[in-house]
*Asks:* 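Below are the structure tokens for one structure; questions will follow.
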There are 2 protein chains.
Amino acid sequence: MYKEKEQEPVALYDFYQQKDKMYVATDCIIFGFDSGSLKLLTFKRRVEPLKGEWSLIGSFVKLEEDVSSAAKRVLEEITGLTNVFMEELKTYGVADRDPGYRCISIGQYALIRLNEYDKELVEQHGAVWHDVNDLPELVLDHRQMVDDALEELKRKARYRPIGFELLPEKFTIPQLQSLYEAIYQKELDSRNFRKKVMSHNVLIKLDEKDKSSSKRGAYLYKFDHDTYEKLIRSGYNFEI
Amino acid sequence: MYKEKEQEPVALYDFYQQKDKMYVATDCIIFGFDSGSLKLLTFKRRVEPLKGEWSLIGSFVKLEEDVSSAAKRVLEEITGLTNVFMEELKTYGVADRDPGYRCISIGQYALIRLNEYDKELVEQHGAVWHDVNDLPELVLDHRQMVDDALEELKRKARYRPIGFELLPEKFTIPQLQSLYEAIYQKELDSRNFRKKVMSHNVLIKLDEKDKSSSKRGAYLYKFDHDTYEKLIRSGYNFEI
DNA sequence: GCAAAAGTGTTTGACATACACCCATGC
DNA sequence: GCATGGGTGTATGTCAAACACTTTTGC
């Protein structure tokens with residue numbers, strides 16, 4: 001509907017025309033999980049200002065595009081993934097946050113499985129995974145976005161099964177525990193953790209074992225989305 | 001910094017210039033509490049499109065203005081209040097949400113005390129309080145914003161003492177309970193409620209009674225911000 | 001003296017926490 | 001046979017939920 005790019009499109013009503021327009025961006029805080037710690041996808045900024053510095057992956061929102069679609073577009077361009085867990089974090093709207101020109105940014109965080117994304121594509125875009133506990137300096141307010149996202153993740157993980165978005169389809173209980181330890185930044189008791197997780201009856205035990213981290217091997221499980229949905233609809237209070 | 005209104009300001013870098021600019025608005029979901037129920041401040045829209053219909057109170061964000069400042073400005077213009085509790089809700093960024101022109105809006109909700117705002121000013125602006133359980137139809141996605149804000153209020157009220165922002169400085173325990181019942185939309189047991197609230201030691205009992213709703217009268221209390229801050233800083237888990 | 005709201009304690013069950021040992025296997 | 005991580009059960013304390021009667025006072 002707002003197609004013309006050469007000539008500036010015109011607002012339909014006088015009232016709007018006197019008002020200021022500005023750039024609207026979206027920045028993606030993309031998390032992964034591996035080897036016991038959370039990872040963040042960053043890349044080297046390719047445009048002035050601040051060219052060459054570490055940055056989150058973002059884009060300007062186009063006139064004909066939803067804000068959430070813009071973030072999904074960016075994520076797909078870089079990782080090849082669609083149908084990824086992604087939620088709005090908050091808006092970064094301080095007037096002078098971007099030295100280039102007035103630009104607000106809507107932070108959106110995504111959780112992806114490190115065994116599923118397109119590694120070549122990521123490389124082509126110069127994107128790099130960093131351990132969240134060992135991040136380089138990031139441009140603008142991007143570090144704040146990451147910190148906010150980690151806080152939000154901590155809050156959300158408690159009452160919603162978003163942790164599973166970060167693990168492979170098949171995972172072991174020790175892996176799951178290690179993930180929650182990374183999110184909550186504290187050690188958990190394995191007996192209590194297992195008890196609580198199992199009590200919800202949303203894990204399907206498989207006949208396979210994962211022997212990559214022990215001789216005995218740990219049983220693999222899958223998250224049972226259907227049962228979870230049913231529970232939630234009936235008012236169940238899910239908590240990990 | 002971005003002052004010129006007649007001539008469109010120019011972005012400093014080529015990269016920006018090819019991108020789309022759009023209007024950024026903020027809409028305020030302003031809640032009050034009285035007579036056992038939550039109220040929402042709405043007004044009749046004065047500009048096309050949708051002139052004359054019920055709407056939230058909002059404004060376009062100016063180039064030199066923070067998004068949060070814009071919301072505070074609107075709130076002060078209409079109620080005369082500053083230093084009001086206000087937080088970002090979320091961004092409404094669907095491409096065709098505003099028929100006038102591409103415009104995203106950042107919803108921000110505010111909690112105010114109905115005994116403190118400037119009633120004349122509110123009237124001058126044609127603003128009207130509605131019971132949230134009996135709202136008229138609102139323009140655009142404003143009804144969605146209200147519903148989202150009510151959800152958020154329910155979540156936030158549990159772990160943060162934001163309820164007190166809606167009551168007069170001095171309030172009774174039954175008033176406080178009635179407020180929480182309105183927020184949670186469910187009745188609470190008065191013995192358990194009082195026990196829990198008092199257990200935090202953040203209420204200061206006054207020597208006055210409020211007799212407006214009973215012959216016996218109920219003691220008035222004040223919220224003890226200082227003690228609350230100390231508790232929180234020391235990691236206390238506040239919950240109502 | 002009675003209606004109407006304010007104020008007060010105890011019991012119960014559910015759940016979070018703390019805690020230590022055996023199991024299976026590859027080397 | 002031993003080192004390594006996987007897997008299990010019980011006891012204790014804390015806290016939320018349920019529940020009913022007395023107090024005060026204006027009329």
Side-chain angles (χ1 to χ4, degrees), chain A residues 34-37 154 157-159 167-168 170-222 231 235-240, chain B residues 34-37 154 157-159 167-168 170-222 231 235-240:
Chain A
D34 188 32
S35 321
S37 64
K154 226 185 261 190
R158 191 160 205 89
Y159 296 104
L167 292 175
K170 301 176 181 181
F171 53 86
T172 67
I173 306 295
Q175 274 168 23
L176 186 63
Q177 178 175 346
S178 151
L179 168 60
Y180 275 88
E181 289 178 332
I183 294 176
Y184 295 149
Q185 305 242 293
K186 89 176 185 197
E187 300 206 338
L188 303 172
D189 179 277
S190 67
R191 286 159 292 187
N192 293 337
F193 181 80
R194 189 178 288 262
K195 207 187 313 169
K196 200 189 229 177
V197 166
M198 299 311 250
S199 73
H200 300 303
N201 295 310
V202 291
L203 294 191
I204 301 169
K205 186 174 185 172
L206 304 177
D207 262 341
E208 309 166 61
K209 281 191 167 186
D210 170 75
K211 299 208 168 189
S212 61
S213 70
S214 79
K215 293 154 190 166
R216 178 176 173 180
Y219 279 106
L220 287 162
Y221 290 81
K222 278 167 74 174
L231 282 176
Y236 186 75
N237 182 31
F238 179 89
E239 181 180 341
I240 294 186
Chain B
D34 188 31
S35 320
S37 64
K154 225 184 264 190
R158 191 160 203 91
Y159 296 103
L167 292 174
K170 301 175 181 182
F171 53 85
T172 67
I173 306 296
Q175 273 168 23
L176 186 63
Q177 178 175 346
S178 152
L179 167 61
Y180 274 88
E181 288 177 334
I183 293 175
Y184 294 150
Q185 304 242 296
K186 91 175 184 196
E187 300 206 339
L188 302 172
D189 180 276
S190 66
R191 288 160 292 187
N192 293 337
F193 181 80
R194 188 179 288 263
K195 207 186 313 168
K196 201 189 231 176
V197 166
M198 299 310 251
S199 73
H200 299 303
N201 296 311
V202 290
L203 295 191
I204 301 169
K205 186 175 186 171
L206 304 177
D207 262 340
E208 309 166 62
K209 281 191 166 187
D210 170 74
K211 298 209 167 190
S212 63
S213 71
S214 78
K215 293 155 190 167
R216 179 177 174 180
Y219 279 106
L220 287 163
Y221 290 80
K222 277 168 75 173
L231 282 176
Y236 186 74
N237 182 30
F238 179 89
E239 182 179 342
I240 294 187

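Chain naming here is simple, since letters A, B, ... match the order of the sequence lines and numbering starts at 1 in each.
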*Asks:* Closest-nucleotide mapping onto DNA chain D: is Ala218(A) or Ser190(B) further toward the 5' terminus? I mean the 5' end.
*Replies:*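 The 5'-side residue here is Ala218(A).
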
*Asks:* Could you tell me how far apart Leu220(B) (CG) and dA6(C) (P) are, to the nearest whole angstrom?
*Replies:* 12 Å

*Asks:* When rounded to the nearest 0.5 angstrom, what distance separates CE in Met198(B) from NZ in Lys205(B)?
*Replies:*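 Atom-to-atom, Met198(B):CE and Lys205(B):NZ are 6.5 Å apart.
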
*Asks:* Which of residues 208-217 of chain B sit near DNA chain C, with a heavy atom under 4.0 Å from it?
*Replies:* Ser213(B), Ser214(B), Lys215(B), Arg216(B), Gly217(B)

*Asks:* If every non-hydrogen atom of Ser214(B) is compared with every non-hydrogen atom of Gly217(B), which pair is closest and at what distance?
*Replies:* OG-N, 2.8 Å

*Asks:* List the residues meeting side-chain contact (heavy atoms from CB on, under 4.5 Å) with Asn237(B), not counting sequence neighbours, and say none if there are none.
*Replies:* Tyr159(B), Glu239(B)

*Asks:* Rounded to the nearest 0.5 Å, what separates atom CG in Asp189(A) from atom CZ in Phe193(A)?
*Replies:* 11.0 Å

*Asks:* Name all residues meeting the ring-ring contact (aromatic ring centres under 6.0 Å, His included) criterion together with Tyr219(B); count only those two or more places apart in sequence or in a different chain, and write none if there are none.
*Replies:*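 With sequence neighbours excluded, Tyr219(B) shows a ring-ring contact (aromatic ring centres under 6.0 Å, His included) to no residue whatsoever.
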
*Asks:* Between C1' on dT8(C) and CD on Gln177(B), what's the gap in Å once rounded to a whole number?
*Replies:* 14 Å

*Asks:* Where do Tyr221(B) and Arg194(B) come nearest, in terms of heavy atoms and distance?
*Replies:*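 In terms of heavy atoms, the two residues are closest at OH-NH1, 4.5 Å.
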
*Asks:* Atom CG of Asp189(B) to atom C1' of dT8(C): distance rounded to whole Å?
*Replies:* 12 Å

*Asks:* From the 5' end of DNA chain D to its 3' end, which nucleotides mark the outer limits of contact with chain A, defined by a 4.0 Å heavy-atom distance cut-off (strictly under)?
*Replies:*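 The contact span of chain A on DNA chain D goes from dA3(D) to dT10(D).
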
*Asks:* Go through residues 192-204 of chain B and report each residue with a non-hydrogen atom lying under 4.0 Å from DNA chain D, sorted by number.
*Replies:*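 Those residues are Asn192(B), Lys195(B).
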
*Asks:* Check residues 170-184 of chain B and write down every donor-acceptor pair under 3.5 Å in which the side-chain atom is one partner and the other belongs to a residue at least two apart or another chain.
*Replies:*
from      : atom 1 : to        : atom 2 : distance (Å)
Lys170(B) : NZ     : Glu208(B) : OE1    : 3.4
Lys170(B) : NZ     : Glu208(B) : OE2    : 2.7
Thr172(B) : OG1    : Gln175(B) : N      : 3.1
Gln175(B) : OE1    : Thr172(B) : N      : 3.4
Gln177(B) : NE2    : Glu181(B) : OE2    : 3.2
Gln177(B) : NE2    : Leu188(B) : O      : 2.9
Glu181(B) : OE2    : Leu188(B) : N      : 2.8
Tyr184(B) : OH     : Arg158(B) : N      : 3.4
Tyr184(B) : OH     : Ile240(B) : O      : 2.8

*Asks:* For the pair made of CZ in Arg191(A) and C1' in dA18(C), what is the distance, rounded to whole Å?
*Replies:* 8 Å

*Asks:* Identify the heavy atoms of Arg216(A) and Lys211(A) that sit nearest to each other, and give their distance.
*Replies:* O-CE, 3.8 Å

*Asks:* Can you find a pair of side-chain heavy atoms, one from Asn192(A) and one from Lys195(A), that are under 4.5 Å apart?
*Replies:*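 Contact flag for Asn192(A)/Lys195(A) side chains = yes.
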
*Asks:* Would you please classify the geometry between the His200(A) ring and the Tyr236(A) ring as parallel, tilted or perpendicular, with 30° and 60° separating the classes?
*Replies:* perpendicular

